[in-house]
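We're numbering straight along the sequence, starting at 1.
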Amino acid sequence: AVADYRPADVATTKMKKREQGDSVSLALVRNPDVLEAIVAQRDAHTLVVGFKAETGDAVAEGTRMLREKRLDLVVANDVTAAGSEFGSDTDQVSFVSADGAERLPLLSKREVARRLVAKIAERLAS
């Protein structure tokens, strides 16, 4: 996933502890919104899917993202839920669309991908 922010300044050489002292401050700037750019350029037959890693109500945030970014589908994931943490081999996601939210059981990441491809194929066929 693309990060929301990036360092404002990039060091061209190693930052040495003896030169930095006991603390270092890092200024961040916002990255461009990739989904916004894709939605702005899409044609009528393009399906745009967003991914929402959330630490709260993933379905509510996925629904907000769907509406605000004008997406067709959001794969929403509460990364604090057991089995859905960053780095795990499994996920429990919800597919959020204008039709509502479809919560999937805890699945392997591969199976989540298979179901997402099937959902996209179903949407494109209609």
Exercise. Test F51 against L116 for side chain to side chain contact (heavy atoms under 4.5 Å, CB included), laying out the working first.
Key: CA-CA 11 Å; F51 293 82; L116 177 57; 3.7 Å; yes
Practice problem: Please lay out, stage by stage, how M65 and L35 fare under the test side chain to side chain contact (heavy atoms under 4.5 Å, CB included). | Solution: CA-CA 10 Å; M65 181 184 192; L35 276 177; 3.5 Å; yes
Self-check item: Worked verdict on E85 versus T80 for side chain to side chain contact (heavy atoms under 4.5 Å, CB included)
Solution: CA-CA 6 Å; E85 306 90 351; T80 63; over 6 Å; no
Quiz prompt | Evaluation steps, side chain to side chain contact (heavy atoms under 4.5 Å, CB included), between R103 and V59 | solution = CA-CA 9 Å; R103 184 179 167 110; V59 170; 6.0 Å; no
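For the atom pair NZ (K109) and CZ (R114), the distance works out to 14.5 Å, reported to the nearest 0.5 Å. To the nearest 0.5 Å, atoms CD (E54) and CD (E61) are separated by 4.5 Å. For the atom pair OG1 (T63) and CG (L71), the distance works out to 11.5 Å, reported to the nearest 0.5 Å. The distance from atom CG of D78 to atom OG1 of T55, rounded to the nearest 0.5 Å, is 7.0 Å. Between the CD atom of E111 and the CG atom of L106 there is a distance of 11.5 Å, given to the nearest 0.5 Å. The structure places CG of L28 at 10.5 Å from CG of D9, a figure rounded to the nearest 0.5 Å.
Between D33 and K69, at least one side-chain N (NZ, or NE/NH1/NH2) sits under 4.0 Å from a carboxylate O, which counts as a salt bridge. A salt bridge does not link E19 to K16: none of the charged side-chain nitrogens sits closer than 4.0 Å to a carboxylate oxygen.
Residues F95 and R115 meet the side-chain proximity criterion, which asks for heavy atoms closer than 4.5 Å. Between V96 and L73 the shortest side-chain heavy-atom distance does not fall below 4.5 Å. Between I120 and V49 the shortest side-chain heavy-atom distance falls below 4.5 Å.
Judged as a salt bridge (Lys or Arg N to Asp or Glu O under 4.0 Å), and not counting sequence neighbours, the contacts of D72 are R42. Residues meeting the side-chain contact (heavy atoms from CB on, under 4.5 Å) test with D99, sequence neighbours left out: S97. Residues passing the salt bridge (Lys or Arg N to Asp or Glu O under 4.0 Å) test with R6: none are found, sequence neighbours excluded.
Side-chain N or O atoms of D91 include none that pairs as donor or acceptor with a backbone N or O of V93 at under 3.5 Å. Checked by atom type and distance alone, the side chain of S88 pairs as donor or acceptor with a backbone atom of G83 at under 3.5 Å. Checking side-chain atoms of N31 against main-chain N and O of A3 turns up a donor-acceptor pair under 3.5 Å. With hydrogens and angles disregarded, a donor-acceptor distance shorter than 3.5 Å links the side chain of S84 to the backbone of Q92.
Residues I38 and V74 fall within the same hydrophobic cluster, defined by Ile, Leu, Val, Met, Phe, Trp and Tyr side chains chained together at heavy-atom separations under 4.5 Å. Hydrophobic cluster membership is shared by L47 and V112, with clusters built from Ile, Leu, Val, Met, Phe, Trp and Tyr side chains linked at under 4.5 angstrom.
Nearest heavy-atom pair across L26 and P7 is CD1-CB, 4.1 Å. Residues A76 and G62 approach most closely at CB-CA, 4.4 Å, considering heavy atoms.
By the neighbour-count criterion of 12 heavy atoms within 6.0 Å, atom CG of D22 is sparsely surrounded, having that number or fewer from other residues, nucleotides or ligands.
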